[in-house]
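Here's the structure, in structure tokens; my notes come after.
When a ligand or atom number is given, it counts from 1 through the structure's own listing order. Only a predicted model underlies this, so the values are computations on that prediction, with no experimental measurement involved. Computation of the quantities below employed the complete heavy-atom set of this structure, encompassing side-chain atoms and omitting hydrogens, waters and symmetry-equivalent molecules. Numbering starts at 1 and runs along the sequence shown.
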Amino acid sequence: MNKLKKKPLFNPEGDTDVRLRRMINGNTTNLNDFNNMRYPWVSDWYRQAMNNFWIPEEINLSADVKDYPRLLPAERTAYDKILSFLVFLDSIQTANLPHIGEYVTANEVNLCLSIQTFQECVHSQSYSYMLDTICSPTQRNAILYQWKDDEHLLRRNTFIGNCYNEFQEHKDPVTLLKVMMANFILEGIYFYSGFMFFYNLSRNGKMPGSAQEIRYINRDENTHLWLFRNIILELQKEEPQLFTLETITELKEMLLEGVRQEIDWGHYCIGNNIPGLTRDMVSDYIHYLGNLRWTSLGYEPLYPEHTAEPESMAWVSQYSNANMVKTDFFEAKSTAYAKSTALVDDL
Ligand code: ZN
Ligand code: ZN
């Protein structure tokens, strides 16, 4: 139970029978076999992730170039801080996911983790594109490395980095489960006061291109959340001995702490200084998300008074549920990247 096997790169003696495939500690051949999948949700996930392909530079930021210098000082400070945190999140995801993948012995799930890693690269690059377009190289660097001057941001990044580093040092199944939970929290909680800030600017007629970039990112993050939720649910079935009361309590504490930090961060960056948002809107929404995440793993709500989506925040899901909205919010065209299906074979 305390051992965790690193998967071999080539293993001719591995199991080819899907019934023997396991999320961790399996005997994988490592062959990418798309015809034999153990987990039925993987093909849907894979298709969705492929359909979500997008290119940051295809979004027009010319309105944002004009808007950025005209933002209220509080809006610009929040914009910079939030972007700095998002860059960190996508960067650490890019670095951490391949490391997790080394211990996942269901090859089809590794395919998903590789696509996710690629998408996190695209997200990091989209922030660079936004910053290169709207501000000077000096401003850009100050925003990218804001944790050097901002203690709150440094504290948050350190907390998240430490959760991930722990698995670098302790290679056991429970620590892997915890780093997976840390991923689930990152994807399902940490992005959200940032996302709501960008959507709020957009509904106030500001920085529409930035909001559009964020919508594409948000759509990807929804699939990442879906991926980690499913990995954890499969582990509940395959490795029930990992889910002791003690470990479940630890996972719950992690989520409670994540919610607390996200609310603190939202209050720090947004507070009551941004037209259209309040401290209460931030806390109500993040508490609601905390419930949604924990109940989606099969547990009881963490905050019984926040089980319904706050009415004041209904506009956030209008922006973020891009997979359900087939028409683009701004340009009235499909949000799914359609080039692959539009390819004309003229050979
Ligand atoms: Zn991302
Ligand atoms: Zn992600």
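Residues forming a side chain to side chain contact (heavy atoms under 4.5 Å, CB included) with T94 (at least two apart in sequence, or on another chain): T117, E120, C121, S124.
Note on ring orientation: taking the six-membered ring where Trp is involved, the planes of F88 and F85 are parallel (angle under 30°, cut-offs 30° and 60°). In this structure, H99 and Y103 have perpendicular ring planes: the angle between them is above 60°, well past the 30° mark. Ring-plane geometry between F53 and F118 is classed as parallel, the angle between the planes falling under 30 degrees on a 0 to 90 degree scale with a further cut at 60. Using cut-offs of 30° and 60° on the angle between ring planes, the pair Y303 and H306 is perpendicular.
A salt bridge is defined here as a Lys NZ or Arg NE, NH1 or NH2 lying under 4.0 Å from an Asp or Glu carboxylate O, and E108 with R21 meets this definition.
Protein N/O/S atoms closer than 2.8 Å to the Zn ion (ligand 1): D90 OD1, E120 OE1, H123 ND1, E221 OE2.
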